[in-house]
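Below is one structure, written out as structure tokens; comments come after it.
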Amino acid sequence: MVTSLEVIEKEARYFLGTYQRMPVVFTGGKGSYLFDLEGHAYLDFVGGISVNLLGYDYRPLKEAIHDEVERVIHTSNLYYNVPQVELAERLVRYSGLARVFFVNSGAEANEVALKMARFYGKRKHGNRYAYIAFRRSFHGRTLLTLGLTGQEKFHQDLDPFPPGIFFADLNDIESVRRLLKEEVCAIIVEPVQGEGGVYPCSPQFLAALRSICDEQDVLLIFDEVQCGLGRLGSLFAFQHFGVTPDIVTLAKGLGGGLPIGAVLVNEKVVEITKKGDHGSTFGGNPVAARSACVVVDTIASETFLESVRQKGVLFGQELESLRRNFPEKVREVRGMGLMWGLEIPGRAKEIAHRMFERKVLVNACNEDTLRFLPPLIISEEEIHHGVSVLQEVLEGL
Ligand SMILES: *Cc1c(COP(=O)(O)O)cnc(C)c1O
């Protein structure tokens with residue numbers, strides 16, 4: 001049998017070398033636990049980066065995938081397939097938006113949203129092409145989505161980016177107004193910023209963005225790739241805030257671990273769209289779409305969402321009590337639902353490593369912030385266990 005060390009050495013030999021990974025090889029999972037090659041169990045507060053919403057062995061998900069694999073794995077979008085129209089119907093019904101376009105990843109979903117916004121700006125207003133995004137945002141790793149990512153570290157050695165990208169400050173509506181020039185076609189925002197350190201928008205701020213966009217006929221895009229799909233205790237993040245955007249992008253958790261993304265748009269966007277405006281070879285692939293149907297149906301249940309809200313309150317309380325116990329180490333607790341950030345200036349990466357040694361997975365999204373994105377099926381006992389391990393680590397610092 002292959003050993004972890006062999007896998008790690010092979011990766012170092014053959015991979016391009018862009019990833020910094022924890023030294024572990026996972027080969028199985030159950031509930032909120034992952035198992036490594038040597039059989040050790042790790043409690044998972046990363047969830048494949050907000051992907052494994054239903055954990056690692058949700059039976060109905062695996063059965064649906066098996067069943068679909070036995071039918072046909074891929075056919076392309078030159079033809080129709082059943083799972084993708086089933087998924088489209090569900091997403092439209094649950095969101096109240098008008099139409100869907102399927103892609104394979106978050107970056108790609110945002111690319112489509114931004115492309116649709118350009119079509120809207122050009123076809124409706126002549127020459128609107130610019131975008132407003134926010135500092136600390138993250139929208140993906142293509143050149144345009146990186147351009148709209150408001151973090152310097154992602155821009156190094158990559159200039160120039162496409163023209164017409166402006167950055168405002170989150171929750172500062174005046175900073176948005178100042179940038180709202182005639183050429184702006186869209187504003188893109190994460191309702192809760194993820195990668196940038198878990199910074200939630202206020203409901204008032206999102207409502208104010210909505211009014212500005214209505215006044216100027218600018219499209220409002222919510223990037224819900226990380227914070228959507230039940231994570232905040234509502235199926236869509238925008239439902240939690242009570243503000244409906246013109247476009248919503250989804251990916252990460254949508255396929256239950258298989259790659260699929262979606263762009264949901266309202267009638268305004270449908271009206272200006274023409275045949276041939278966009279396409280994708282894989283987008284809405286039958287296996288991924290079938291898996292996504294199970295994810296969406298499971299999460300859309302009010303009982304399921306209520307359990308996420310309850311566990312979210314508990315998680316927040318436990319982190320808040322850590323902050324009170326270690327006021328000199330923990331600066332701030334941010335988040336909601338099952339999306340939390342803990343600001344521990346300068347020591348987040350070190351703590352993530354120490355928790356890893358104690359078999360609890362958490363992600364340090366930068367030097368200062370620990371991020372928690374557990375599977376939505378995590379139990380209260382598991383939350384409690386993970387936080388108590390964090391408590392021990394903080395005591396030992
Ligand atoms: C992860 C993420 C993306 C990019 O998704 P990929 O599937 O990695 O391309 C975009 N936006 C947000 C908010 C994300 O968290």
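The analysis underlying the following values was restricted to heavy atoms, covering all of them including side chains, and did not include hydrogens, waters or symmetry mates. Residues: numbered from 1 along the sequence shown. Counting convention: from 1, in listed order, for ligands and their atoms alike.
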Less than 3.5 Å apart, any donor N or O on the side chain of Thr142 or Glu111 sitting next to an acceptor on the other? yes

With a 4.0 Å heavy-atom cut-off (strictly under), which part of Ala251 contacts ligand 1: side chain, backbone, both or neither? neither

Is the side chain of Asp57 donor-acceptor paired with the backbone N or O of Gly31 at a distance under 3.5 Å, no angle test? yes

How are the rings of Phe161 and His155 set relative to one another: parallel (under 30°), tilted (30 to 60°) or perpendicular (over 60°)? tilted

Is the closest N or O pair between Val225 and ligand 1 shorter than 3.5 Å? no

Is the shortest distance from atom 7 (O) of ligand 1 to a protein heavy atom below 4.0 Å? yes

Only heavy atoms of Asn110, strictly under 4.0 Å: list the atoms of ligand 1 that pass. 10 (C), 11 (N)

Counting heavy atoms under 4.0 Å, the part of Thr249 that contacts ligand 1 is neither

Would you mind telling me if ligand 1 is within reach of the side chain of Lys252, the backbone, both or neither, using heavy atoms under 4.0 Å? side chain

Kindly assign one of parallel, tilted or perpendicular to the pair Tyr42 and Phe26, based on the angle between their ring planes and the thresholds 30° and 60°. perpendicular

Do the charged groups of Glu332 and Arg323 touch, with an N to O distance under 4.0 Å? no

What do we get for Glu190 next to ligand 1 when only non-hydrogen atoms under 4.0 Å count, side chain, backbone, both or neither? side chain

Which ligand 1 atoms, with their elements, are less than 4.0 angstrom from a heavy-atom of His139? 10 (C), 11 (N)

Ser105 heavy atoms within 4.0 Å reach ligand 1 at atoms 7 (O), 9 (O)

Return the minimal non-hydrogen interatomic distance between Val263 and Ile247, and the atom names on each side. CG1-CG2, 3.6 Å

Atom indices of ligand 1 within 4.0 angstrom of Ala107 heavy atoms, with elements: 4 (C), 5 (O), 6 (P), 9 (O)

So for ligand 1, is Gly140 a polar contact partner (N or O within less than 3.5 Å, distance only)? no

When you compare the side chain of Phe372 with that of Ile383, does any pair of heavy atoms fall below 4.5 Å? no

Check each of Phe167, Tyr199, Phe166, Phe205 against Phe134 using the ring pair (Phe, Tyr, Trp, His ring centres under 6.0 Å) test, and report the only one that passes. Phe205

Could you tell me which atoms of ligand 1, counted from 1 in the order shown, lie closer than 4.0 angstrom to a heavy atom of Asp223? 10 (C), 11 (N), 12 (C), 13 (C)

Heteroatom proximity flag, Glu108 to ligand 1, N/O under 3.5 Å: no

Would you please test Tyr120 and Asp217 for side chain to side chain donor-acceptor pair (under 3.5 Å) and show each step? CA-CA 10 Å; Tyr120 191 82; Asp217 198 26; 2.9 Å; yes

Show which atoms of ligand 1 fall inside a sub-4.0 Å distance from at least one heavy-atom site of Gly106. 4 (C), 5 (O), 6 (P), 7 (O), 9 (O)

Would you say Glu195 touches ligand 1, if touching means a heavy atom closer than 4.0 Å? no

Using the ring centroid of each side chain, check whether His278 and Phe101 are separated by less than 6.0 Å. yes

